Asks: 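Just passing along the structure, written as structure tokens.
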Amino acid sequence: MAGVTVRLPDGSSRDFDHEVTAREVAESIGPRLAKAALVAVVDGHEVDLSVPVPDGSEVAIVTPDSDLGREVLRHSTAHVMAQAVARLWPGAHYAIGPVIADGFYYDFELPDDARFTDGDLDRISATMREIISEDQPFVRTELSPEEGLALFADQPFKQEIIETVGAREEAIDLESEGVSSSVVSAYRNTPEFTDLCRGPHVPSTSRLGHFALQRVAGAYWRGDEKRQQLQRIYGTAWESDKALADYLHRLEEAEKRDHRKLGVELDLFSFPPQLGGGLAVWHPKGGVARKLMEDYSRERHATGGYEFVSTPHLANANLFETSGHLGFYQDGMYPPMEMDNGTYYPKPMNCPMHCLIYASRQRSYRELPLRLFELGTVYRYERAGTLHGMMRIRGFTQDDSHIFCTEEQLPGEIASLLEFVMSVLTAFGFSDFTFNLSTKDPKKYVGSDEIWEKATDALRHALESGGLTYKVKEGDAAFYGPKIDIDVRDAIGRTWQLSTIQCDFNQPERFDLEYVGADNARHRPIMLHRALFGSVERFFAILLEHYAGALPTWLAPEQVRVLGVRDDHQEYVDQVAARLAGAGFRVEVEAADEPLGARIRRAKLAKIPYILVVGDDDVAQGTVGVNQRGSDKPERGVPVDGFMARLASDVADRVLPAGVA
RNA sequence: GCCUGGGUAGCUCAGUCGGUAGAGCAACGCACUCGUAAUGCGUAGGUCAGGAGUUCGAUUCUCCUCCCAGGCUCCA
């Protein structure tokens, strides 16, 4: 028999005088690796350890403490969960069970239209632990589509997957289910339980166990709400109990940052049921922070060459006929009002009104680019189940601008917009950006190929000349033009899509917008949509979660709280507070009718950047004690002037709170 | 809109196998006057989300509605 030589990731190679499996390669490297091995990557393909490796191949052994290893653990755990459900609900149909970020899910249809309830999770977990202790092997078999159909004769979803892939080419998302047009692969755990699957899988169920089932949910088959709704269970699985516990702890920490919780705790805003679902009121403290955000936004737009406009909340239906919103998005609009001699709608976007401003008179090329800006409040009828605090709300304010320019001006405008957006986001404490360029959907677009190409090139060029790396999302553009979306990463690693720069060839057409060029002929301007925060409400929610409620001093509703040690220090407390307030700082005092420790605690919980404590020494020397947020060692005897200078530079420099990168 | 789970004081929650409710924190009052994360005592605070039904009696059981949470779908 011929020998086999394989290359390892470290560049070394190993010779065998016989055919070997991936497992034997691992064993030859070391017993610990062999013990930890889950699957292998052979020439870039993920395979089971049991497969023979070809001569000359590159072999990497995958262990549980790698991203790929965890994916395999999760995928195999999903199979175990399916088997547990099949045991507990004989006759259950199982659909798909993929790996997702940090976990997995599996969709089922239970007999007699039964539903999972939260209590079922414990029963299923217990059965899964039995299956794991049974040390069942994962045995791969490859079948023809016909054999596959026979094997899964009582599993309609599996049959549909096999048939769909056989019939159509576009089955990329189904390939993970183990089907290509000619071969069906399946993994058998027991004579009773086999699942359609591409694999690879861990060698046996005993390699699993550090998992938790998290929640049940309804999910439409194939993600299509017109099709039946299946019962989904979400779970997570890790390489060790510690990794699992760490993950669950991270989830708890993220929950503490929930802006809805912080909104109540810090008295920022609320969602009174009497107001109606998806509608918010801003309380004084939230209102101040919002005003500061908006002031800063206006200031930047003023210096950035924008012109300020203002438009009403209602518009005649004709306007939205012209813009096309009624045709495309009527379901997402609030219902119409019949008034006087017309039908009116609350506006879902500001752009049609900005188009009217442009169209109000003849425009010259000398006026372009014309940059209109508005903090415009819009109303969208979001479906009840999609509402989510300030993140997804029915009435919100966009920091919306529309830039009308010539084709020639487009590249320069886009480049300066990118710079502008990043500069403003940086001021709010975001520094990790991701850029996505969405290109034409060949099946759905307006405008000439030529203009699409020019605009897409302009977007791409702006990104590249700015030295920005970006991902291309082919075919992801809106029908009216290509766009750049900007995502930011927050303090705990989550990404949020915030800003968007979109070319629009459609509305200038629909509104018949024109300018007179230097050639004395009429031309169509290009319109750029640009939202920076996106929605002021959502942006504020993201800021709150990013900072875990500890807003930077320049945005903090209350910047300083002054506390006297005893109530006979109150006169000095008031003097200090008055000086700070006189200098424009947001300062409050709390009388000394409770022990100092209790008042400090309250101020700390309110996440106030500076707590000033004053006592006899301070009254005598004109100083304050400074207890800064994020620091455990208070300072004593700080001159008031010195503190005010420090506070002023903290605000002016928009210093980030401690602990935020 | 669909699936699952919820809604008890401002907040966090306990409780009622059907006999109209309780704690901690917060609020208010009094006392305490204290140098860096909870002083003590007291007071007040509830249509137990809303409506209908069963019952001698419903916060508790049933149904409907509203709202909230987690998903699905959607997000110009």
Side-chain angles (χ1 to χ4, degrees), chain A residues 105 107 113 115-121 214-234 255 258 260-261 264-265 267 270-278 320 323-333 347-352 378 380-389 391-394 398 478-480 483 497 500 502 504 506-507 529 531 534-535 538 563-570 591-606 611-618 624-628 631-637:
Chain A
Y105 67 80
D107 288 347
D113 209 24
R115 317 267 187 223
F116 290 126
T117 66
D118 287 356
D120 292 330
L121 295 181
Q214 294 167 292
R215 60 187 90 87
V216 304
Y220 300 102
W221 169 231
R222 294 279 187 85
D224 182 348
E225 67 176 324
K226 293 193 181 59
R227 303 196 62 170
Q228 82 187 97
Q229 193 165 45
L230 304 174
Q231 296 286 298
R232 174 172 298 180
I233 298 178
Y234 284 94
E255 247 171 66
D258 189 311
R260 295 163 300 184
K261 204 173 160 69
V264 175
E265 285 169 7
D267 195 15
S270 60
F271 306 90
Q274 302 91 319
L275 191 57
F320 299 118
S323 70
H325 289 103
L326 266 178
F328 288 107
Y329 303 110
Q330 186 164 17
D331 289 350
M333 290 170 64
K347 66 173 168 182
M349 286 196 90
N350 301 301
C351 41
V378 298
R380 296 182 183 178
Y381 184 75
E382 305 284 3
R383 290 160 80 177
T386 64
L387 300 172
H388 183 87
M391 298 272 190
R392 191 83 183 267
I393 197 167
R394 285 177 174 158
Q398 294 181 312
F479 69 92
Y480 51 71
K483 63 173 177 175
Q497 189 192 315
T500 185
Q502 309 182 348
D504 189 343
N506 185 49
Q507 296 220 28
H529 300 250
S535 136
R538 179 166 174 274
L563 306 175
V565 173
R566 290 188 314 272
D567 60 4
D568 55 336
H569 298 126
Q570 191 60 39
D593 50 9
E594 269 193 281
L596 182 61
R599 287 176 288 146
I600 297 272
R601 179 168 193 270
R602 215 185 336 273
K604 288 285 186 187
L605 290 174
I611 303 165
L612 301 186
V613 175
V614 299
D616 293 336
D617 299 349
D618 300 295
V624 292
V626 178
N627 186 332
Q628 188 169 351
S631 146
D632 355 319
K633 42 177 201 303
E635 304 153 57
R636 290 283 294 274

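Sequence lines set the chain letters: A, B, ... in the order given, protein chains first and strands last, and positions in each chain run from 1. These numbers were taken from a predicted model, which means no experiment stands behind them. FYI, side chains are in, hydrogens and waters are out, and symmetry mates aren't considered; it's all heavy atoms of this structure.
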Asks: Report the distance from atom CG of Leu326(A) to atom CE of Met333(A), rounding to the nearest 0.5 Å.
Replies: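 If we round to the nearest 0.5 Å, Leu326(A):CG and Met333(A):CE are 4.5 Å apart.
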
Asks: Reckon Arg260(A) touches a base, only the sugar-phosphate, or nothing at all at heavy-atom distances under 4.0 Å?
Replies: sugar-phosphate

Asks: Please evaluate the base of C75(B) for a donor-acceptor partner in the side chain of Arg392(A) within a cut-off of under 3.5 Å?
Replies: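 Checked by distance alone, the answer is yes.
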
Asks: Specify the separation, in whole Å, of atom CZ of Arg601(A) and atom C1' of A26(B).
Replies: 12 Å

Asks: May I ask you to say what Gly324(A) touches in the nucleic acid, namely base, sugar-phosphate or nothing, with a heavy-atom cut-off under 4.0 Å?
Replies: nothing

Asks: Can you name the residues that form a side chain to side chain donor-acceptor pair (under 3.5 Å) with Asp258(A), not counting sequence neighbours?
Replies: Arg260(A)

Asks: Identify whether any heavy atom of Gly625(A) sits under 4.0 Å from a base atom; if not, whether one sits that close to sugar-phosphate; answer base, sugar-phosphate or nothing.
Replies: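 The residue Gly625(A) makes base contact.
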
Asks: With the threshold set at 4.0 Å, does a side-chain nitrogen-carboxylate oxygen contact exist between Arg599(A) and Glu594(A)?
Replies: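 Salt bridge: no.
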
Asks: Please report the closest heavy-atom contact between Val613(A) and Asp618(A), naming both atoms and the distance.
Replies: O-OD2, 3.6 Å

Asks: Name the nucleic acid region contacted by Asp618(A), choosing base, sugar-phosphate or nothing; use a 4.0 angstrom heavy-atom cut-off, strictly under.
Replies: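 Base, at least one base heavy atom under 4.0 Å.
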
Asks: Heavy-atom count check: over 12 atoms from other residues, nucleotides or ligands less than 6.0 Å from Lys604(A) NZ?
Replies: yes

Asks: What nucleic acid atoms does Ala217(A) come within less than 4.0 Å of, heavy atoms only: base, sugar-phosphate, or nothing?
Replies: base

Asks: Looking at the base of A37(B), is there any donor atom on it, or on the side chain of Arg602(A), that sits under 3.5 Å from an acceptor on the other one?
Replies: no

Asks: What's Tyr480(A) touching, base or sugar-phosphate or nothing? Going by heavy atoms closer than 4.0 Å.
Replies: sugar-phosphate

Asks: Tell whether Tyr381(A) reaches the base of G1(B) with its side chain through a donor-acceptor pair below 3.5 angstrom.
Replies: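 Looking at the base of G1(B), it does not pair with any donor or acceptor on the side chain of Tyr381(A) (distance under 3.5 Å).
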
Asks: Students often get this wrong, so: under 4.0 angstrom with heavy atoms, is Asp593(A) touching a base, only sugar-phosphate, or nothing?
Replies: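 Base, at least one base heavy atom under 4.0 Å.
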
Asks: Going by purine N1 to pyrimidine N3 plus the second Watson-Crick contact, or the G-U wobble pair, all under 3.5 Å, which nucleotide sits opposite G46(B)?
Replies: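 Base-paired to nothing in any strand shown.
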
Asks: Over all strands shown, is Tyr234(A) touching base, sugar-phosphate only, or nothing at heavy-atom distances under 4.0 angstrom?
Replies: sugar-phosphate

Asks: Identify whether any heavy atom of Asp568(A) sits under 4.0 Å from a base atom; if not, whether one sits that close to sugar-phosphate; answer base, sugar-phosphate or nothing.
Replies: nothing

Asks: Hey, do the aromatic rings of Phe320(A) and Tyr329(A) have their centres closer than 6.0 Å?
Replies: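 No, too far apart.
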
Asks: Answer with yes or no whether Arg383(A) presents, from its side chain, a donor or acceptor under 3.5 Å of a partner atom in the base of U73(B).
Replies: yes

Asks: Using a 4.0 Å heavy-atom cut-off, does Gln214(A) contact any base of the nucleic acid, only the sugar-phosphate backbone, or nothing at all?
Replies: nothing

Asks: Could you identify the nucleotide paired to C66(B), looking across every strand shown and requiring Watson-Crick or G-U wobble geometry with both distances under 3.5 Å?
Replies: G7(B)

Asks: Would you mind classifying the nucleic acid contact of His529(A) as base, sugar-phosphate or nothing, using non-hydrogen atoms under 4.0 angstrom?
Replies: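 The answer is nothing, as His529(A) stays clear of every strand by at least 4.0 Å.
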
Asks: How is Asp118(A) classified with respect to the nucleic acid when contacts are heavy atoms under 4.0 Å: base, sugar-phosphate, or nothing?
Replies: sugar-phosphate

Asks: Contact class for Thr386(A) vs. all strands (heavy atom < 4.0 Å): base, sugar-phosphate, or nothing?
Replies: base

Asks: Send over the distance from Met333(A) CE to A76(B) P, rounded to a whole Å.
Replies: 15 Å

Asks: Find the distance Gln231(A):CD to G71(B):P and express it as a whole number of Å.
Replies: 16 Å

Asks: What's the CZ-P distance between Arg599(A) and C32(B), to the nearest Å?
Replies: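 The answer, rounded to whole Å, is 16 Å.
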
Asks: What does U55(B) pair with, Watson-Crick or G-U, if both distances are under 3.5 Å?
Replies: none

Asks: Would you kindly give the CG-to-P distance between Asp224(A) and C2(B), to the nearest whole Å?
Replies: 16 Å

Asks: Pick base, sugar-phosphate or nothing for Tyr329(A), based on heavy-atom distances below 4.0 Å to the nucleic acid.
Replies: base

Asks: Donor-acceptor pair under 3.5 Å: do we get one between Glu382(A)'s side chain and the base of C75(B)?
Replies: no

